[in-house]
Amino acid sequence: MFRRLSNSWELTKASWQVLQKDKELMIFPVIAFFASIIVMITFAVPSFLAGLFDATVGSEIPIMGYIIGFLFYVCLYFVTIFSNSALIGAAMIRLEGGDPTVRDGLDIAMKHIGSIFGYAIISATVGMILRFLSERAGIIGRIVIGLIGFAWTVATFLVIPVLVIEGVGPMEAVQRSAGMLKKTWGEQIIGNLGVGAVFGLMTFGVILVGIPIVILAAATESVVAIVLAIALIILVIMALVLVSNTLSGIYIAAVYRYATTGEAGNYFDASMVEGAFKPKK
């Protein structure tokens with residue numbers, strides 16, 4: 001556990017070095033964030049009209065609710081995958097010794113927009129099926145479904161770089177991703193804690209520190225102080241999420257480069273990436 005966390009920290013530091021060279025990479029998660037908000041607002045009205053909100057509280061979701069829900073999933077996955085494609089494409093340029101711009105990343109994503117949309121449909125379908133089964137399964141069933149979801153996440157870890165670098169279709173990209181991981185890290189693939197674990201601990205720390213701050217603000221009986229304290233905590237957490245998503249994209253690009261060339265780039269030690277999915281013996 002501690003070894004994997006230590007490796008995650010080293011990967012985070014290496015990803016951070018790349019980010020220091022290209023701070024504009026953080027623009028892509030920002031694009032994904034605002035695009036996701038637009039998608040949510042866009043689907044809020046038809047969801048309300050279809051009675052989807054009432055159905056989630058009541059008994060059964062109407063057919064139109066499932067249709068709207070699926071389309072919502074597709075759009076949400078699309079904007080996320082598109083932004084991640086731009087981020088990973090730009091990160092690959094940096095890892096290969098280039099100096100990427102925001103335009104470079106967007107051009108890469110636009111070039112493969114058809115495959116990105118196709119993968120968004122696949123991801124939405126898998127997500128809807130797993131959620132549907134999970135809501136109707138018992139405790140054991142939910143554990144099994146959770147394991148299936150984890151296996152899907154690991155198998156598709158390299159789908160986006162495969163899509164934007166190799167230019168293949170979404171189904172072939174899924175197969176390539178799973179095959180690449182299996183070939184590089186062997187049969188016993190175990191997901192690394194990754195960059196997300198480091199920032200997860202940071203977020204937890206912010207919350208722990210934030211609770212007494214909010215309590216002190218509440219003790220002043222000032223609404224302004226309370227609002228400012230809560231707003232500060234939210235802004236810090238949002239900043240951590242922004243940086244975490246950016247570093248995760250850089251990390252994925254490094255893993256892909258290692259899986260295809262045996263080298264992760266100047267910023268990553270090969271031994272770190274080697275332990276990405278399989279703990280070192």
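Everything numeric here is computed off the predicted structure, so don't read it as measured data. For the numbers below, each heavy atom of this structure counts, side chains included, while hydrogens, waters and symmetry mates do not.
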For the student: nearest non-hydrogen atoms of Ala90 and Gly105, plus distance: CB-CA, 4.2 Å

Distance (rounded to the nearest 0.5 Å) between Leu106 CG and Ile27 CD1: 9.0 Å

Ile108 CD1 to Leu87 CG distance, which is reported to the nearest 0.5 Å: 10.5 Å

Student check: side-chain heavy atoms of Val162 and Met180 closer than 4.5 Å: yes

Exam field: side chain Ser123 to backbone Tyr119, donor-acceptor pair closer than 3.5 Å: yes

Stepwise side chain to side chain contact (heavy atoms under 4.5 Å, CB included) check, Val243 with Trp16: CA-CA 9 Å; Val243 175; Trp16 177 259; 3.8 Å; yes

Any donor-acceptor N/O pair, Ser83 side chain to Thr80 backbone, under 3.5 Å: no

Sub-4.5 Å side-chain heavy-atom contact between Leu247 and Tyr251: no

pair Val79-Val39: side-chain heavy atoms closer than 4.5 Å: yes

Residue pair Ile165, Ile88: steps toward the side chain to side chain contact (heavy atoms under 4.5 Å, CB included) verdict: CA-CA 9 Å; Ile165 303 302; Ile88 292 173; 5.8 Å; no

Transitive ILVMFWY side-chain link Ile113 to Val102, under 4.5 Å: yes

Joint hydrophobic cluster, Tyr73 plus Phe132, side-chain heavy atoms closer than 4.5 Å: yes

Interatomic spacing from OG in Ser134 to CD1 in Ile143 - rounded to 0.5 Å: 11.0 Å

Shortest non-hydrogen separation from Leu163 to Ser115 and the atoms involved: CD2-CB, 3.7 Å

Rounded distance (nearest 0.5 Å) linking atom CD of Glu24 with atom OG1 of Thr246: 11.0 Å

CD1/Ile139: more than 12 non-hydrogen atoms of other groups inside 6.0 Å: no

Any donor-acceptor N/O pair, Ser177 side chain to Ala173 backbone, under 3.5 Å: no

Leu228: partners by side-chain contact (heavy atoms from CB on, under 4.5 Å), with sequence neighbours left out: Val224

Residue pairs involving residues 98-113 (criterion side chain to side chain donor-acceptor pair (under 3.5 Å); sequence neighbours excluded): Arg94-Asp99, Thr101-Asp104, Arg103-Asp107

For Ala225 against Thr220, the heavy-atom pair lying closest together: CB-OG1, 3.7 Å

Ile129 reachable from Leu76 in the ILVMFWY side-chain graph, under 4.5 Å edges: yes

Value rounded to 0.5 Å, distance of CG in Asn84 from CD1 in Ile31: 11.0 Å

Side chain to side chain contact (heavy atoms under 4.5 Å, CB included) between Leu242 and Phe33, worked out: CA-CA 9 Å; Leu242 170 64; Phe33 174 74; over 6 Å; no

Cluster overlap Val206 with Ile211, hydrophobic side-chain contacts below 4.5 Å: yes

Test item: side-chain donor near acceptor, Gln20 and Tyr267, under 3.5 Å: no

From CA spacing to verdict: side chain to side chain contact (heavy atoms under 4.5 Å, CB included), Val214, Ile233: CA-CA 9 Å; Val214 174; Ile233 295 170; 3.5 Å; yes

Side-chain heavy atoms of Phe72 within contact of Thr42, under 4.5 Å: no

Taking every non-hydrogen atom, the tightest pair across Asp22 and Pro100: OD1-CD, 3.5 Å

Side-chain heavy atoms of Phe268 within contact of Glu263, under 4.5 Å: no

Minimum heavy-atom distance Ala109-Ser85, with the two atoms named: CB-CB, 4.2 Å

4.5 Å side-chain heavy-atom contact, Thr125 and Phe70: yes

Nearest non-hydrogen partners of Phe199 and Leu240, listed with the distance: CD2-O, 3.5 Å

Point-to-point distance, once rounded to the nearest 0.5 Å, from CD1 of Ile122 to OH of Tyr77: 12.0 Å

Under 3.5 Å donor-acceptor, Thr156 side chain and Val159 backbone: no

Common cluster, Ile116/Phe34, ILVMFWY with side-chain heavy-atom separation under 4.5 Å: yes

